[in-house]
Chemist: 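One structure is given below, represented as structure tokens, and several questions about it will come after.
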There are 2 protein chains.
Amino acid sequence: MNKSEIKVIAVLERVGGFASAQELYQLLQRSGESIGLTTVYRALQSLVSDKIVDQLRREDGEAIYRLCGDTHHHHLVCKQCGSTVEIEGSAIERWTKAMAEEHGFREVGHTAEIFGICPNC
Amino acid sequence: MNKSEIKVIAVLERVGGFASAQELYQLLQRSGESIGLTTVYRALQSLVSDKIVDQLRREDGEAIYRLCGDTHHHHLVCKQCGSTVEIEGSAIERWTKAMAEEHGFREVGHTAEIFGICPNC
DNA sequence: CCTGAAAATGACAATCATTTTCATTTCAGA
DNA sequence: TCTGAAATGAAAATGATTGTCATTTTCAGG
């Protein structure tokens, strides 16, 4: 675990959810850290293979990362204005577990998002 | 529905599962079809938005496609080998509706996927 | 048959995330 | 202080996907 990895973990903590490598890089830049994009990618790879960070994919194929073991939440996203509401997802957790068990899958995770039009729009 | 889309559907039928745009393009070339890569991409986009084809992502971010079944389903995806199982998601449908109602959202849709390691891996 | 507008096509270039390369810097231990 | 391996990051390479645009095909109406 080197300095870069620690910096990356720190941003991920601040973010509190998923973020792409490019986003993390920009956040680090803005907060005055001197770190290159290449290094961010390398730190993320390393953290993923150490199972400290979870990696999955956005719909457009971009990789997104978050700290493992986060008690994560889900989002209700407005298609018009982009505002988001954090929502509770214990139903999803149960569904994930049930489906995984039914099909013999191990080490399961999931993604779930709801999008629509918010009351203000 | 134009000629290209029909060609693409035909290959997808032959493949019988997931394939990337590049793979489909090569298969079409090998079977003597005259079709450009751009056109394959366009046909796939169109088929996806018409819900004739399902699109999701390999672990490396490459998009893969296959013919839709007729029911709205979700996927259980193996992180290692990429094999997928269609799963039932009525719990998700209910959750989506409930959350949307609670927060006053209209015209809601959702995405949900479970990923893990399958019994064979 | 024509004919022209609209849709479809595909070669090529552009984009963008990610990876590779490689020269330089850091730093722990001798 | 010296030394070599690991870390760093700028820049180039890669590879999937998308955008551009000139050409071709389709086809309805004359």
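Reminder, nothing fancy here: chain letters follow the sequence lines and each chain counts from 1.
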Chemist: Less than 4.0 angstrom from a charged side-chain N to a carboxylate O is my criterion; do B:Arg58 and B:Glu23 meet it?
Modeler: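 Salt bridge present between B:Arg58 and B:Glu23.
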Chemist: Donor-acceptor pair under 3.5 Å: do we get one between B:Arg42's side chain and the base of D:dG19?
Modeler: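 It does not, because no donor-acceptor pair links the side chain of B:Arg42 to the base of D:dG19 below 3.5 Å.
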Chemist: Could you give the CD-to-C1' distance, from B:Gln45 to D:dG19, as a whole number of Å?
Modeler: 11 Å
Chemist: Has the side chain of A:Ser46 got a donor or acceptor atom that lies under 3.5 Å from a matching backbone atom of A:Arg42?
Modeler: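 Side chain of A:Ser46 to backbone of A:Arg42, a donor-acceptor pair under 3.5 Å: no, none is there.
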Chemist: Could you tell me how far apart B:Leu28 (CG) and C:dG10 (C1') are, to the nearest whole angstrom?
Modeler: 14 Å
Chemist: For the residue pair A:His110 and A:His74, categorise the inter-ring angle as parallel (less than 30°), tilted (30 to 60°) or perpendicular (more than 60°).
Modeler: parallel
Chemist: Give B:Ser46 one of three labels, base, sugar-phosphate or nothing, depending on what nucleic acid heavy atoms sit under 4.0 Å from its own.
Modeler: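 It contacts nothing in the nucleic acid.
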Chemist: With sugar-phosphate meaning primed atoms plus P, OP1 and OP2, does B:Glu62 contact a base, only sugar-phosphate, or nothing at under 4.0 Å between heavy atoms?
Modeler: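 Contact class for B:Glu62: sugar-phosphate only.
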Chemist: Side chain of A:Ala63 only, please: which of D:dT8, C:dT18, D:dG9 is the nearest?
Modeler: C:dT18
Chemist: Specify the residue among B:Tyr65 and B:Lys3 whose closest nucleotide of DNA chain D lies further upstream toward the 5′ end.
Modeler: B:Tyr65
Chemist: Can you tell me how far P of D:dT18 sits from OH of B:Tyr41, to the nearest Å?
Modeler: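 Rounded to the whole Å, the gap is 7 Å.
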Chemist: Round to a whole Å and report the spacing from CD of A:Glu23 to C1' of C:dC16.
Modeler: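 After rounding, the gap between these two atoms is 14 Å.
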Chemist: Nearest whole Å is fine: how far is C:dA28 C1' from A:Met1 CE?
Modeler: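 Answer to the nearest Å: 19 Å.
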Chemist: Please evaluate residues A:Tyr41 and A:Gln22 with respect to the criterion side chain to side chain donor-acceptor pair (under 3.5 Å), reporting the C-alpha separation (whole Å), side-chain torsions for both, the decisive distance (0.1 Å), and the verdict.
Modeler: CA-CA 9 Å; A:Tyr41 273 106; A:Gln22 309 271 349; 3.0 Å; yes
Chemist: Please report the end-to-end axis angle for the helix from C:dC1-D:dG30 to C:dA30-D:dT1, five pairs per end, rounded to 10 degrees.
Modeler: 10°
Chemist: Give me the atom names and distance for the closest heavy-atom approach of B:Lys7 to B:Leu28.
Modeler: O-CD2, 4.0 Å
Chemist: What is the nucleic acid contact for B:Ser4, judged by heavy atoms within less than 4.0 Å: base, sugar-phosphate only, or nothing?
Modeler: sugar-phosphate
Chemist: If I take atom CZ from residue B:Phe18 and atom CG from residue B:Asp54, how far apart are they, to the nearest 0.5 angstrom?
Modeler: 6.0 Å
Chemist: Ignoring hydrogens and angles, are the base of C:dA11 and the side chain of B:Thr38 linked by a donor-acceptor pair under 3.5 Å?
Modeler: yes
Chemist: Does D:dT25 have OP1 or OP2 sitting under 4.0 Å from an N or O in the side chain of B:Asn2?
Modeler: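 Answer no for this pair, as no side-chain N or O of B:Asn2 is under 4.0 Å from OP1 or OP2.
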Chemist: Which value, rounded to the nearest 0.5 Å, describes the distance between A:Ile114 atom CD1 and B:Lys97 atom NZ?
Modeler: 11.5 Å
Chemist: From CD of A:Gln26 over to C1' of C:dA17, roughly how many Å is that when rounded to an integer?
Modeler: 13 Å
Chemist: What is the distance, to the nearest angstrom, from the CD atom on B:Gln22 to the P atom on C:dG10?
Modeler: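 Distance, rounded to whole Å: 15 Å.
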Chemist: Rounded to the nearest angstrom, tell me the gap between atom CG in B:Leu37 and atom P in C:dA13.
Modeler: 15 Å
